[in-house]
Asks: 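Dropping a structure here in structure tokens format, bear with me for questions.
Proteins come first, then strands; the chains are lettered A, B, ... in the order of their sequence lines, and each starts at number 1. Quick caveat, the model's predicted, so the values are computed rather than measured.
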There are 2 protein chains.
Amino acid sequence: MTATDTPPLPPALQDLLPADLRPACTYLKSKRGDRLFTLRKKPQRMFYVASGEVVLQRVGVQGDSLVLQRVRQGFVAEASLQSAHYHCDAVVTSPADLIAIPIEPLRQALVTDPAFAMRWIAMLNQELKRLRLQCERLSLRGVADRLLHLIETEGERGRLPLRAGLKSVAAELGVSHEALYRTVAELEKQQVLQRAEGELRIL
Amino acid sequence: MTATDTPPLPPALQDLLPADLRPACTYLKSKRGDRLFTLRKKPQRMFYVASGEVVLQRVGVQGDSLVLQRVRQGFVAEASLQSAHYHCDAVVTSPADLIAIPIEPLRQALVTDPAFAMRWIAMLNQELKRLRLQCERLSLRGVADRLLHLIETEGERGRLPLRAGLKSVAAELGVSHEALYRTVAELEKQQVLQRAEGELRIL
DNA sequence: CGTACTTTTGAATCGCATCAAATCTGGTGG
DNA sequence: CCACCAGATTTGATGCGATTCAAAAGTACG
């Protein structure tokens, strides 16, 4: 995990954070296996994942590894804002670009800057919305149902851009990539779906 | 949907809301089929579900009904705090006790009362945490895996109270109740789990 | 004591995971 | 430019686990 020079903040953060907090952010490039924090440590920084993947995990009652969150884009463990210490480990599972925001200044800014607090709340609301959709999606039984639900909720008027290939979509849907490929093929044959120019479209 | 006299607020709300907002809350008893709000309407009140079930839904691209959220306990559509109008319908699917908080005063309180804003943020963080766990849980393949994950994350030191019977647990896990009954029986036989006194316990 | 709901067990079926293998792709280095 | 490799895509075959349909037994409650 190495700090780099300061490339520009991602737009999402640029628009969210108040001006005086932005210079306090630091950039990190991390590689597979790095740990952003570990159990019981005191939160010092809030991490934002710009690319790659970070997993939150802890050991279960039976000593097994338990995944709590998988972040590919967005904040890691927002709740660390109020926690005295972490309840899990954060492990980098795919080389990631990260932005770290110092916690205490962040908390101060939220208390003293109502407009920022409202933006922060709006951000959390969006995140909640997304997660609720994902829960509903994952509780659908068929692969086709999940895929269509994804396109209808994450897509734009029935069109979903495929940034990272169907395989990563399969992971997001919680199905094997084979099943997804077959389902897409089947839906295309049924004229329900069309795959072209890096996007899926409902007909 | 009828307004009632004012029973005490649920503790969760009592502790969350500032004193001057609490009297503005109203109570509703709603029955199956009632609608809390509908598409394109302007949000006037924020709803909190104390019991029963409310579903957020909208019609999909193909005219099919699309479930966005299922609330049995907690706020409905927190994002309405910032939205100019609803993007879905809220339908009562099981007779519910509701508390309604007027939106504008709520928004004002968040802007003017930093301590309240921080409590609100903490509440959203908790909700995010819960939902992330649920997503991870739903992406597990086996019924046993999901059940153990539930007990390890929602339970207290390997013990999960069964408030509403195993059947509702099955719904939460996204599996048929038959499958869950069988799995519990199997895990008991394997001495992994014990079911007694209205709770499940990992051995 | 009857009605509604949960719990439980059984049997048949089906969809998806899994394992395997072939093809295709973009990117790298010789 | 080509050989080569890693990863994505695709198709096939097999088996398991969960759904589904059915039905019986248990339980709460008016």
Side-chain angles (χ1 to χ4, degrees), chain A residues 31-32 51-53 67 72 93-96 134-150 160-190 192-201, chain B residues 31-33 51-53 67 72 93-96 134-151 160-190 192-201:
Chain A
K31 54 185 193 307
R32 189 179 162 80
S51 74
E53 185 181 87
V67 173
R72 306 174 80 93
T93 50
S94 171
Q134 197 179 348
C135 283
E136 288 301 329
R137 193 177 304 136
L138 289 174
S139 61
L140 296 177
R141 326 215 160 274
V143 175
D145 288 338
R146 292 193 191 177
L147 177 59
L148 293 176
H149 187 284
L150 180 72
L160 181 80
L162 296 174
R163 308 183 191 296
L166 271 190
K167 203 176 175 183
S168 72
V169 173
E172 188 175 348
L173 292 180
V175 301
S176 68
H177 62 276
E178 295 98 324
L180 183 59
Y181 284 123
R182 282 189 255 259
T183 301
V184 169
E186 179 63 21
L187 288 176
E188 279 191 298
K189 194 162 55 176
Q190 293 175 7
V192 177
L193 203 66
Q194 189 188 350
R195 184 181 179 187
E197 300 151 30
E199 70 170 28
L200 289 177
R201 189 180 316 176
Chain B
K31 54 184 192 307
R32 191 179 161 79
S51 74
E53 184 182 87
V67 173
R72 305 173 81 93
T93 50
S94 172
Q134 197 178 348
C135 282
E136 290 301 331
R137 194 177 304 137
L138 289 173
S139 62
L140 296 177
R141 326 220 160 271
V143 175
D145 288 337
R146 291 193 191 177
L147 177 59
L148 294 176
H149 186 284
L150 180 73
I151 298 174
L160 183 78
L162 297 173
R163 309 180 191 295
L166 272 189
K167 202 176 174 184
S168 71
V169 174
E172 186 175 348
L173 292 180
V175 302
S176 68
H177 63 276
E178 295 98 324
L180 183 60
Y181 284 123
R182 281 189 256 258
T183 302
V184 169
E186 180 63 23
L187 289 176
E188 280 192 296
K189 194 162 54 175
Q190 295 175 6
V192 177
L193 202 66
Q194 188 188 349
R195 184 181 178 188
E197 300 152 29
E199 70 171 27
L200 290 176
R201 187 181 316 178

Asks: In B/S/- notation, 5' to 3', how is nucleotides 24-30 of chain D contacted by protein heavy atoms closer than 4.0 Å?
Replies: -------
Asks: Can you measure A:Leu138 atom CG to C:dC16 atom C1' for me and round it to whole angstrom units?
Replies: 15 Å
Asks: Using whole Å, report how far NZ of B:Lys189 lies from P of C:dT8.
Replies: 14 Å
Asks: Please determine which of A:Leu180, A:Val169, A:Leu138 meets the side chain to side chain contact (heavy atoms under 4.5 Å, CB included) test together with A:Val175.
Replies: A:Leu180
Asks: Report the residues that fulfil side-chain contact (heavy atoms from CB on, under 4.5 Å) with A:Arg141, sequence neighbours left out, ordered by chain and then residue number.
Replies: none
Asks: Along nucleotides 7-19 of chain D, 5' to 3', which nucleotides get a B, which get an S, and which get a -, given that the test is a protein heavy-atom distance under 4.0 Å?
Replies: -SSBBBB----SS
Asks: Rounded to the nearest 0.5 Å, what's the gap from CG on A:Leu173 to CD on A:Gln134? Could you check?
Replies: 8.5 Å
Asks: How many whole angstroms separate atom CG of A:Leu147 from atom C1' of C:dG15?
Replies: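 It is 16 Å, rounded to the nearest whole Å.
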Asks: Please report the closest heavy-atom contact between A:Gly174 and A:Arg146, naming both atoms and the distance.
Replies: O-NH1, 3.5 Å
Asks: Pick from A:Leu187, A:Leu140, A:Leu166: which one makes a side chain to side chain contact (heavy atoms under 4.5 Å, CB included) with A:Leu147?
Replies: A:Leu187
Asks: Rounding to a whole Å, what distance do you find between B:Leu162:CG and C:dC5:P?
Replies: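 Rounding to the nearest Å, CG of B:Leu162 and P of C:dC5 are 20 Å apart.
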Asks: Within a radius of less than 6.0 Å around CD of A:Gln190, do more than 12 heavy atoms belonging to other residues, nucleotides or ligands occur?
Replies: yes
Asks: Can you give me the closest heavy-atom contact between B:Glu188 and B:Arg195, atom names plus distance?
Replies: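 Shortest heavy-atom contact: OE2-N, 3.0 Å.
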Asks: State the NZ-CD distance between A:Lys167 and A:Glu172, to the nearest 0.5 angstrom.
Replies: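 It comes to 15.5 Å.
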